[in-house]
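Below: one structure, written as structure tokens.
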Amino acid sequence: MAPPICPSEDEEEGLNKSPQDEQTKNECATSEDNENFTLVEHSLGIFPLQSDTRQKIIRLVSNGSWFDTFILVVILFNSVVMACVDYRYVDEEYTPRSDISMRNYFVERAEICFNVIFLVECILKVVAYGFVFGDNTYIRNHWNKLDFLVVVLRSVPSVCR
């Protein structure tokens, strides 16, 4: 189940209290993680919480969504592909060669696709939750810290070429 989209404290002050607002506040206080899950008002300073685009992205990347399952399947498939590197064909620096091994060629091309998928996941989560400033932003989650580190480290060789 996706976490409720909760207004920040500043937004709550400006709201007329209705039974639906109280229900949302209660859902926020009793989310899956048993902690208050309040999203920042503006992600990256440009995506307001009430925008349709951000709301759709929040629902897309929320825990328990099909996107979450898709990312787990991609991680599993990526692990299998990485295990398929053919180390019989390496250069002087022991880097797998893709020019004489079709399997290494496939692995090299697949890694590009995986990098793009993980980068898109990172960008979507940053837009949904914000990046750093706020209680429940992307980088405050320990799993997202690991994801971000992996995305950055996987991107470095591509940028350096």
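Just so it is clear, the values below take in all heavy atoms, side chains as well, and ignore hydrogens, waters and symmetry mates. These numbers come from a predicted model, not from an experiment.
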Spell out, as yes or no, whether a donor-acceptor pair under 3.5 Å connects the side chain of Ser101 to the backbone of Ser98.
no
Nearest non-hydrogen partners of Asp68 and Asn63, listed with the distance:
OD2-CA, 4.0 Å
How close do Arg88 and Arg103 get, heavy atom to heavy atom, and via which atoms?
NH2-NH2, 3.9 Å
Checking Asn104 side chain against Asp86 main chain: does a donor-acceptor pair fall under 3.5 Å?
yes
Taking Val120 as the starting point, is it possible to reach Trp66 by hopping between hydrophobic residues whose side chains are less than 4.5 Å apart?
yes
Go through the steps for Leu39 and Ile58 under the test side-chain contact (heavy atoms from CB on, under 4.5 Å), then give the verdict.
CA-CA 10 Å; Leu39 298 174; Ile58 290 169; 3.5 Å; yes
Taking Asp135's backbone N and O only, do any of them form a donor-acceptor pair with Arg140's side chain (distance below 3.5 Å, no angle check)?
no
Is it the case that one hydrophobic cluster holds both Val150 and Phe70, taking links as side-chain heavy atoms less than 4.5 Å apart, direct or via other members?
no
Between the main-chain N or O of Val126 and the side-chain N or O of Ser43, is there a donor-acceptor pair closer than 3.5 Å?
yes
dist Phe67:CZ -> Leu124:CG (nearest 0.5 Å) comes out at 5.0 Å
Does this structure show an ion pair linking Asp91 with Arg97, if we count only N-O contacts that are shorter than 4.0 Å?
no
Point-to-point distance, once rounded to the nearest 0.5 Å, from CD1 of Ile112 to CD1 of Ile117
12.0 Å
Is there a continuous path of hydrophobic side-chain contacts, each under 4.5 Å between heavy atoms, that joins Leu119 to Ile71?
yes
Mind listing the closest non-hydrogen atom pair of Tyr129 and Val40 along with its distance?
O-CG2, 3.7 Å
Is it the case that over 12 heavy atoms from other parts of the model lie below 6.0 angstrom from the NZ atom of Lys145?
yes
Taking side chain as C-beta onward, heavy atoms only, is Ile57 less than 4.5 Å from Lys125?
no
Working for side-chain contact (heavy atoms from CB on, under 4.5 Å), residues Phe148 and Asn144
CA-CA 6 Å; Phe148 183 71; Asn144 289 340; over 6 Å; no
Might you confirm whether atom CG of Asp99 has over 12 heavy atoms from other residues, nucleotides or ligands at distances under 6.0 Å?
yes
Hydrophobic clustering (ILVMFWY, side-chain heavy atoms < 4.5 Å, transitive) - are Phe118 and Leu153 grouped together?
no
Ring-plane angle category for Phe131 and Tyr138, please: parallel below 30°, perpendicular beyond 60°, tilted otherwise.
parallel
Locate the shortest heavy-atom distance separating Val81 from Val107; write the atom from each residue and the value.
O-CG2, 3.6 Å
Is the side chain of Asn78 donor-acceptor paired with the backbone N or O of Phe114 at a distance under 3.5 Å, no angle test?
no
Using only atom types and a distance under 3.5 Å, with no angle test, would you say the side chain of Gln55 pairs donor to acceptor with the backbone of Leu49?
yes
What about Val85 and Tyr89, same hydrophobic cluster or not, with Ile/Leu/Val/Met/Phe/Trp/Tyr joined at side-chain heavy-atom distances under 4.5 Å?
no
Do any N or O atoms from the side chain of Ser51 and from the backbone of Phe47 form a donor-acceptor pair under 3.5 angstrom?
no
